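Please read all numbers here as calculations on a predicted model, not as lab measurements. Computation of the quantities below employed the complete heavy-atom set of this structure, encompassing side-chain atoms and omitting hydrogens, waters and symmetry-equivalent molecules.
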Amino acid sequence: GDDMEYTTRITNSGKLNIFVGKSVVIHKMKSNTGIDIIAENNDIDRIKRYYFEFRNNLYNRRHNSRKDMISGLLGKFLLILKVLFKKNQHKGLKIWIIIKGTLAGLSFNPRIEKV
């Protein structure tokens, strides 16, 4: 989510954005799989990192539009239902992370350093 926020902020400032198709990003993690909290069943530390995904997602939606923020909140509610009813492990932890990250996203307001 932070890369989306940076890009949006640069775009809104009128600065030039350049897409570099051959750039390579190295994710320093055990495995670089897609982000799906329901599918996460083996690595509790990775599940805990979703807090930042939910916080940053709602932060970005809040700054986009009220409609987008409400849509994001509804989406998190539906995700909680999916966690409850789909077969997966660590349901309590996952629901707690979704709620905690989403609530944090409602008030998260980092200081932006201008460089």
Which residue pairs pass the salt bridge (Lys or Arg N to Asp or Glu O under 4.0 Å) test with at least one member in residues 83-93, sequence neighbours excluded?
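Every candidate salt bridge (Lys or Arg N to Asp or Glu O under 4.0 Å) pair involving residues 83-93 fails, so no pair, neighbours aside, qualifies.
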Quick one: do F77 and L73 satisfy side chain to side chain contact (heavy atoms under 4.5 Å, CB included)? Show the steps, please.
CA-CA 6 Å; F77 176 74; L73 289 169; over 6 Å; no
As an exercise, state the distance from CD1 of I97 to CZ of F52, rounded to the nearest 0.5 Å.
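Reported value, rounded in 0.5 Å steps: 9.0 Å.
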Residues forming a side-chain contact (heavy atoms from CB on, under 4.5 Å) with [X], sequence neighbours excluded:
| X | value |
| --- | --- |
| K100 | Y51, W96 |
| N41 | N88, Q89, K94 |
| L103 | I99, L106 |
| A39 | D36 |

Can you name the residues that form a side-chain hydrogen bond (donor to acceptor under 3.5 Å, both in side chains) with R61, not counting sequence neighbours?
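With neighbours one apart ignored, the set is N57, D68.
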Hydrophobic cluster membership, I95 vs L74, 4.5 Å side-chain cutoff:
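No, separate clusters.
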So if you build clusters from Ile, Leu, Val, Met, Phe, Trp, Tyr with side-chain heavy-atom gaps below 4.5 Å, do L81 and I70 land together?
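Hydrophobic grouping puts L81 apart from I70.
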Nearest heavy-atom pair of F108 and N56: which atoms, and what distance?
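Where F108 meets N56 most closely, the heavy atoms are CE2-OD1, 3.9 Å.
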Can a donor-acceptor pair be found, under 3.5 Å and without considering hydrogens, that links the side chain of R55 to the backbone of T102?
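Not confirmed, R55 side chain does not pair with T102 backbone.
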Show your working on side chain to side chain contact (heavy atoms under 4.5 Å, CB included) between I44 and H90 and close with a plain yes or no.
CA-CA 8 Å; I44 288 183; H90 313 294; 3.7 Å; yes
I37, I98, L93 screened by side-chain contact (heavy atoms from CB on, under 4.5 Å) with Y50, the one that passes
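It is I37; the other options fail the test.
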